[in-house]
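For reference, the structure is listed below as structure tokens.
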Amino acid sequence: MSKIVVVDPGHGLPDPGAVGNGLQEHERAFALAKLVRDVLTRHGVTVLFTRNNERSLSSASNLKTNKNEDLSTRQRFSNSKATDFFLSLHMNAADNPSANGYETLCYSQNGQIEALHASVKVFLQKYGLKDRGIKIRTNLAVLKVKAKAALLECFFITNPKEAALMKDAAFLLEFAEAIGQGVLKAIGIAYVPVNKPVTKPKEEVKLKIDDANKVIRILQDRWNASTDANEKKEIGRLADEVRVAAGMKKVNG
Ligand SMILES: [Zn+2]
């Protein structure tokens, strides 16, 4: 049976989540979620989304009620499946526009959380981005699901540089790859890099042996008919060239 990962794009209208630098958290979380899904499904993992469009999972008009219903529906959804890992994707925000970095939130730390964080950390180091570490949060509703769960605060939407990165398609693709790799590690599946170069032995172009023998027979007829020693020698040389091209041994030295 394939492993099940519930991917939870944070927020959903009427709650856009944090906003800044022309971005809305719910929208970026959804974009990233789709890329992470691609990485996981590539490895045979069944990926289920808590929300499949930009709306929250509640129709309540009161914002607070909407939020509460939305979060408890996400929780119930994950608990109703044989979820192996629950991954919630968010972006951070702060009043100070220079606040920056990535962090992994969890209800309690274990090897799975550490594996996920370690994978993202390699990515952060490559880009020179700040690792804010693993943080325990026992008050977050989505982290109280039955499955092991992590909430990723994917950089600060209020930081112009990080917001620009979260708009960059190539950056997001690589970031999703790092997150996916970490989740795979957490659920015990070996990660296979995308576009892994396949080293194929060079195909040798060879003359087919049947064809070579036909050509050699024609050359032999010509050799038999010839009375010129030089011509006979040249025909013998050509016959050997044909043999070599077909992977056979020379017979005329
Ligand atoms: Zn959020």
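Whatever order the structure lists ligands and atoms in, that order sets their numbers, starting from 1.
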Among N, O or S atoms, H90 approaches the Zn ion (ligand 1) most closely through ND1
- prompt: Given side chains that start at C-beta, do those of K161 and N100 come closer than 4.5 Å, heavy atoms only?
  reply: no
For K233, is the NZ atom crowded, meaning more than 12 foreign heavy atoms sit under 6.0 Å from it? no
Answer yes or no as to whether an N/O/S atom of E25 is found below 2.8 Å from the Zn ion (ligand 1). yes
query: So with a 6.0 Å cut-off around NZ of K67, is the heavy-atom count from everything else above 12?
result: yes
Hits for side-chain contact (heavy atoms from CB on, under 4.5 Å) against K121, two or more places apart or cross-chain, chain-then-number order -> Q125, D131
The Zn ion (ligand 1) -> H11, closest N, O or S atom is NE2
